[in-house]
Every structure is written in structure tokens, then in C-alpha cells.
There are 2 protein chains.
Amino acid sequence: MLDEELLAGADVPGMRPVQQQRSRELVVRLMNEGLTLLQDHDFDSLSVEALCARCEATVGSFYGRFESKEAFIDTLQRLVVADARRYLDAIYASDAVPDDSLPHLLAWICKGGVRWYRDHEGLIRACLRRATHDRRTWTPLREAGRLHVAYALPHIVALLPPEPGTALEERITFAFQMLFGTLNNMVLIDPGPVSLRQPAAARTLAAAMHQLIVLRM
Amino acid sequence: MLDEELLAGADVPGMRPVQQQRSRELVVRLMNEGLTLLQDHDFDSLSVEALCARCEATVGSFYGRFESKEAFIDTLQRLVVADARRYLDAIYASDAVPDDSLPHLLAWICKGGVRWYRDHEGLIRACLRRATHDRRTWTPLREAGRLHVAYALPHIVALLPPEPGTALEERITFAFQMLFGTLNNMVLIDPGPVSLRQPAAARTLAAAMHQLIVLRM
DNA sequence: TTATAATTAGAATGATAATTCTAATTATAG
DNA sequence: CTATAATTAGAATTATCATTCTAATTATAA
């Protein structure tokens with residue numbers, strides 16, 4: 001759920017800055033209703049008219065705020081990433097991060113990851129469908145993934161015997177690439193055998209991460 | 001590259017069966033030009049008019065054959081899966097499958113997989129964008145993945161010490177889930193560190209598969 | 001309080017593309 | 001060879017939505 005606090009820090013091109021309280025509320029409403037609609041729609045089929053109707057607003061007010069539907073979507077994506085960043089900042093600053101064993105740490109990471117994916121399934125699917133393969137174009141998914149790895153990696157490294165060179169870091173980064181790849185694929189086509197909504201999902205993924213990171217002797 | 005042979009075996013709802021040679025040729029042309037266009041477009045932005053222009057055909061002839069654009073896309077997807085099946089049938093029936101060691105076999109599997117993804121990148125991206133999460137809806141990606149696992153699994157099992165129950169099979173199937181997830185994600189958002197076009201891609205994936213399948217003692 | 005900027009409303013416009021229609025033209029079975 | 005079914009052409013039709021416009025209405029700073 002996005003809130004006005006996030007909006008305050010946001011300066012997104014394509015959105016005219018809000019000045020009045022009623023506008024601030026409208027933007028927050030548009031964002032949250034947008035997220036709801038994305039549970040059944042992708043960005044293309046998300047109609048501005050339908051969105052405004054749900055918010056009891058009109059297309060006029062929509063375009064008074066956003067340069068285009070495109071700009072609205074960009075804003076929404078950026079706010080969700082800001083929300084994720086706020087969450088990661090808070091949780092990694094707390095003492096919630098397990099530091100007693102690698103399996104515990106990985107279980108905790110995967111559990112959090114799976115929960116985030118479950119909570120943002122609609123948006124994630126829409127972003128995946130819209131994403132260009134081109135690495136120069138920004139997408140919230142790359143950014144959120146990058147963030148997540150940046151936070152987690154030092155904690156993982158700290159629980160393992162040091163290795164010369166960057167081999168360990170490379171293995172960890174690639175393990176995350178496989179993790180997010182698998183999660184994204186669950187959201188998009190859910191190929192099985194493991195599904196996002198299965199209780200065992202996080203556990204299975206954590207075990208896989210462990211296999212990928214710790215070298216066999 | 002799709003050909004008339006594939007078309008012969010196909011009976012797709014939404015496509016009126018071809019009777020004359022010129023029609024057969026047109027359908028093959030539409031399919032292959034469609035595949036070409038998908039390198040830069042997804043299914044939505046693939047316009048029937050543009051497609052027909054490239055094939056030196058007209059929209060009239062297009063709709064004479066296909067009930068709708070939807071039906072055309074379905075047909076295209078089914079033909080590509082038929083093509084993949086034909087390829088897998090042939091290669092697994094030959095003596096090309098390594099049976100001397102698991103690393104060799106996995107390297108061979110991943111190399112083939114990466115090549116298929118490179119050759120079909122446009123179509124795969126388009127399918128991923130279109131796919132519904134709903135498992136009841138058919139998508140070529142689930143089907144092709146399922147096929148691939150069905151062919152590969154017995155060969156992998158044969159190279160490992162037997163285990164009681166289905167644990168080994170489950171590990172293998174899940175390793176494939178991660179493999180295809182990672183590949184799909186490369187096609188969609190290419191998050192790095194490893195990319196589909198890097199020479200090391202297949203090797204890295206094969207190493208990961210090995211880690212996932214063989215249990216640490 | 002009042003001038004001014006911000007906001008709202010919702011009908012009107014425009015653009016894009018899928019789809020249909022009808023009259024030729026062409027292939028093929030008997 | 002010829003009747004009939006298949007195919008082609010491309011203009012015309014629809015449908016869907018994003019976007020714009022203009023006249024109220026409302027908030028806010030001085």
C-alpha cells in the first residue's frame with residue numbers, strides 16, 4: 001500500500017508536482033487503485049477511464065496531473081521501488097537479519113522475497129510484460145533485484161570462509177539471478193513443479209540457493 | 001525456419017485448412033515473416049497489415065485463412081512447438097546424447113537450450129508477454145519446457161546412483177524450473193550478471209544445474 | 001476578503017488497427 | 001473444357017482508447 005510519505009520524496013518527470021491536499025490524496029488513490037487493477041490487467045489493458053471511475057475522478061483530472069498514461073505508469077513503478085527500498089532499509093537496519101548460519105539467512109531472504117512477490121504479483125507481471133530487453137531502459141524489476149542483492153550479499157559473505165578473488169561474490173550474484181528468474185517465471189507462466197503460492201516455495205528456493213552458493217568439496 | 005511439412009500435421013482451430021498450393025506457401029510465408037517481425041515486436045504491436053505487406057499479401061487473404069489475429073498467433077505458437085518437438089525427437093533418437101558423465105550431459109543439454117533460446121528470442125519474448133498465469137491456458141513455453149524435461153530426465157537419472165522415492169526426480173525437475181526461469185528472465189529483462197549472448201552462458205548454467213542436482217555429502 | 005492559480009468535469013476529438021464486404025480472379029475436379 | 005469452390009484485393013467499417021478542450025468550481029496566499 002503506497003502512501004503520501006512516498007509521494008513526498010518523489011520527483012518524477014511527467015507528473016506535475018502536487019500542491020494541494022486533495023490532489024495528493026487523488027494521486028495516492030490513483031496509485032493504489034492502479035495496483036489493484038493490475039491484478040487482472042497489464043499496462044495496456046489498464047484503461048485510464050476505468051481507473052478514474054474507480055477513484056471517483058475524471059480523465060480530465062488525470063491528465064491535469066500526468067502528462068500521459070505512460071508517465072502514470074512510470075510514476076507507479078518508481079513509487080513501488082521507493083516502497084521496496086524503504087522496506088529494505090528498515091529491515092536490514094534492524095536486528096532481524098539472521099547471522100547464526102547460512103541456511104537460516106537464506107531461508108529468511110527467500111521468505112521475504114516470496115512474500116514480496118506474492119504481495120506485488122500483479123504489478124510484477126505487468127512490469128515483466130512491458131519490460132524491454134534493452135538494459136538501458138529502466139525497469140523496476142532490475143532495480144529492485146539489484147537493491148536486494150546489494151543488501152544481502154555482505155551478510156552472506158560474512159557467513160562463509162573467504163575465497164581469493166571474486167569467485168564467491170560471482171556465485172552469489174548468479175544464485176540471485178536464478179532466484180529472481182525463477183520467481184518471475186512463476187508469476188508469468190507458473191510452469192511448476194513449484195508455485196509461488198505453495199507453502200514450500202520459500203524453503204525449496206532457499207535450499208537451492210544454498211546448493212548454488214556453497215561449493216561441493 | 002518453419003516449413004510445409006509442419007503445416008501438414010497441424011490442425012489448428014481458427015485456421016481454415018489449406019487446400020491449394022499457393023495457400024500453403026502463403027501460410028508458411030506468414031509464419032516465417034511473423035517470426036521475423038517478432039524480433040522487434042510483441043503480439044500486440046505486430047500489425048496484420050504490416051505482416052501482410054511483408055508477405056506481399058493482403059489483409060483479405062489473411063482473414064480468408066485465419067479467423068482472427070488471435071488464431072494466427074495460436075497457430076504460430078503451435079507450429080514452433082511442433083518444430084521443437086521434431087527437433088527433440090530427432091536429436092534424442094540419435095547417438096548425440098552424452099552418456100559418459102553427468103557434467104558432459106548437462107553441458108550438452110544447456111548448450112542446446114541456450115541455442116534454442118537464442119534462435120527463438122523474439123517469439124519467446126512475445127509468448128512470455130502474452131502468457132496468462134493461469135495454468136489452464138496453454139502456452140508454448142510450458143509445453144516446450146515439459147517436453148524438454150521429459151526427454152532429458154531419464155538420461156540424467158541413468159548417470160546417478162539411485163535414490164529411494166522420487167527425491168531425485170523432484171530435484172531434477174526443479175533444477176529445470178530454475179534453468180528455464182533464468183533463461184526466460186534473460187530474454188525479458190536481462191538482469192545480469194550472465195546474459196544469453198555471452199559465450200559462458202551455457203557453461204555457467206550447466207554448472208548450476210550440476211550443483212542443484214547432485215547432493216552435497 | 002479577494003485575486004489568482006489549481007483543479008475538476010465530461011463531452012468531443014483523433015489515432016490506430018482489427019475486421020468485414022463485395023467484386024474480381026484463379027485453381028482444380030469431373 | 002467448364003463449373004464451382006477457393007482465393008485475392010483493398011476500400012470501407014468498427015471499436016477501442018488515449019488525449020484534448022473549455023467552462024465551471026475550489027483552494028490558497030496576500
Side-chain angles (χ1 to χ4, degrees), chain A residues 4 7-8 10-31 33-34 37-38 40-77 126 129-130, chain B residues 4 7-8 10-31 33-34 37-38 40-77 126 129-130:
Chain A
E4 297 188 15
L7 201 55
D11 174 30
V12 198
M15 176 176 105
R16 216 152 41 67
V18 283
Q19 314 211 352
Q20 301 184 5
Q21 184 55 26
R22 56 179 174 173
S23 311
R24 220 182 317 278
E25 281 160 12
L26 175 55
V27 172
V28 170
R29 223 163 349 120
L30 282 169
M31 294 294 155
E33 287 297 332
L37 278 175
L38 285 179
D40 312 299
H41 290 88
D42 50 25
F43 289 130
D44 280 344
S45 70
L46 172 64
S47 111
V48 174
E49 246 177 71
L51 173 63
C52 291
R54 282 185 73 110
C55 296
E56 306 189 50
T58 57
V59 289
S61 51
F62 178 93
Y63 281 98
R65 181 63 50 206
F66 298 100
E67 207 165 77
S68 62
K69 180 178 163 180
E70 191 83 358
F72 169 77
I73 288 165
D74 284 349
T75 308
L76 180 55
Q77 293 185 337
R129 294 228 174 107
R130 184 174 117 107
Chain B
E4 298 188 15
L7 200 56
D11 174 30
V12 197
M15 176 176 105
R16 217 151 41 69
V18 284
Q19 313 213 355
Q20 301 185 5
Q21 184 55 26
R22 55 180 176 172
S23 313
R24 220 182 317 278
E25 280 160 13
L26 175 56
V27 172
V28 171
R29 225 165 344 123
L30 283 169
M31 294 294 154
E33 288 297 331
L37 279 174
L38 286 179
D40 311 298
H41 290 88
D42 50 25
F43 289 129
D44 280 344
S45 70
L46 171 65
S47 112
V48 174
E49 244 177 74
L51 174 64
C52 290
R54 280 183 74 110
C55 296
E56 306 189 50
T58 57
V59 290
S61 51
F62 179 93
Y63 281 97
R65 181 63 51 205
F66 298 100
E67 207 166 78
S68 63
K69 179 178 163 182
E70 191 82 359
F72 169 75
I73 288 166
D74 283 349
T75 308
L76 180 54
Q77 293 185 336
R129 294 230 174 106
R130 185 173 116 105

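All values below were derived from every heavy atom in this structure, side-chain atoms included, with hydrogens, water molecules and symmetry-related copies excluded. Quick note on labels: first sequence line is chain A, next is B, and so on, each numbered from 1.
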Could you tell me which residues satisfy side chain to side chain donor-acceptor pair (under 3.5 Å) with A:Ser45, sequence neighbours excluded, listed by chain and number?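 For A:Ser45 the side chain to side chain donor-acceptor pair (under 3.5 Å) partners, ignoring immediate neighbours, are A:Asp42.
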Return the set of residues passing side chain to side chain donor-acceptor pair (under 3.5 Å) with A:Gln20 (not counting sequence neighbours), or none when no residue passes. A:Arg22
Going 5' to 3' on DNA chain D, which nucleotide is the first and which the last to come under 4.0 Å of a heavy atom in chain A?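 Contacts span D:dA18 to D:dT28, reading 5' to 3'.
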Residues 50-58 of chain A, side-chain donor-acceptor partners within the protein, below 3.5 Å, at least two apart:
| residue | atom | partner | partner atom | Å |
| --- | --- | --- | --- | --- |
| A:Arg54 | NE | A:Glu33 | OE1 | 2.7 |
| A:Arg54 | NH2 | A:Glu33 | OE1 | 3.1 |
| A:Thr58 | OG1 | A:Ser61 | OG | 3.4 |

Which of residues 51-60 of chain A sit near DNA chain D, with a heavy atom under 4.0 Å from it?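 Hits under 4.0 Å, by residue number: A:Val59.
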Between [X] ([atom1]) and [N] ([atom2]), how many Å, whole number?
X: B:Phe72; N: C:dT19; atom1: CZ; atom2: C1'; answer: 16 Å
X: A:Glu49; N: C:dT13; atom1: CD; atom2: P; answer: 16 Å
X: B:Glu67; N: C:dA18; atom1: CD; atom2: P; answer: 16 Å
X: B:Arg24; N: C:dT28; atom1: CZ; atom2: C1'; answer: 13 Å

Do the side-chain N or O atoms of B:Tyr63 get closer than 4.0 angstrom to the phosphate oxygens (OP1, OP2) of C:dT19? yes
Partner residues of B:Glu70 under the salt bridge (charged side-chain N to carboxylate O under 4.0 Å, His left out) criterion, sequence neighbours left out: B:Arg130
Can any side-chain N or O of B:Lys69 pair as donor or acceptor with the backbone N or O of B:Ser47 at less than 3.5 Å?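 Looks like no, no N/O pair under 3.5 Å.
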State whether the side chain of A:Arg29 and the backbone N or O of A:Arg24 hold a donor-acceptor pair below 3.5 Å, judged by distance alone. no
Here's a test of your reading of the structure: between A:Gln20 and A:Asp44, which maps to the more 5' nucleotide of DNA chain D?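 Its nucleotide being nearer the 5' end, the pick is A:Asp44.
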Can you find a heavy atom in the side chain of A:Met15 that is under 4.5 Å from one in the side chain of A:Phe72? no
Taking atom OG of A:Ser23 and atom CG of A:Leu30, what is their separation to the nearest 0.5 Å? 10.5 Å
